[in-house]
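Just so it is clear: chains get the letters A, B, ... in the order the sequence lines come, proteins before strands, and each one is counted from 1. Every heavy atom of this structure was used, including side-chain atoms; hydrogens, water molecules and symmetry mates were not.
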Amino acid sequence: MADPIQEEINKEVAAHKILIYGKGTKQMPMCGFTRETIQFFDKYGYPFELIDVLSQPAKRDALAKMTNWPTLPKVFIDGQFYGDTDILDPMAAKGEMEPLLKKAFGK
Amino acid sequence: MITPDVLTAYVRQMMPDAAVTVSDRTGTMDHLKVVVVSTAFAGKNLLDRHRMIYQALDVPMKDGRIHALELTAQTPPED
């Protein structure tokens, strides 16, 4: 029987083209990096989902193991893991973000 | 709170040739901007480079001496 948390994560990742696991909510981000990640995606104007894992420690641990990435926020685009803005910013600087998002949203 | 040379020592345990620059983002020496330049990153994508740094700093992150990290990982020629 697959781990229920793992299944829940897989469903969430599949359900949202841009998914951020972070601290707090869109209206009330609880950490600078989560806020930075929201602002990053606001620039592109595509819809994204923020799931607060501050209140879900088991999911937070499962995510850290699954991605071998110890920190939050964690960003998934089109089902792929991309770390956080330390990864996204250099990608955007090299012009890789726009085509990636266009492909994800099938534009 | 962690000092730059303690942080550098942790990084060098994993990447002996690493040049490490640490800057304090909030004045509390636990929200840090860290730049690591090492040949060990050669041929590795950004995610794996950052994973290497997180592995090297696993202990001070787990015991709370480091609260937040902003990372840059480059190979020497890119520097």
Options L47(B), L46(B), T72(B), ranked by heavy-atom pairs under 4.5 Å with chain A, top entry:
L47(B)
Answer with side chain, backbone, both or neither: which region of D84(A) has an atom nearer than 4.5 Å to a non-hydrogen atom of chain B?
side chain
Pair K59(A) + E12(A): basic N to acidic O under 4.0 Å
yes
Hey, is K62(B) close enough to D58(B) for a salt bridge, meaning N to O under 4.0 Å?
yes
Interchain contact, F81(A) with chain B, by part (heavy-atom threshold 4.5 Å)
both
Under 3.5 Å, side chain of T34(A) to main-chain N/O of K23(A), donor-acceptor pair present?
yes
Check whether NZ of the Lys or CZ of the Arg K17(A) lies under 6.0 Å from the centre of the six-membered ring of F76(A) and within 45 degrees of that ring's axis.
no
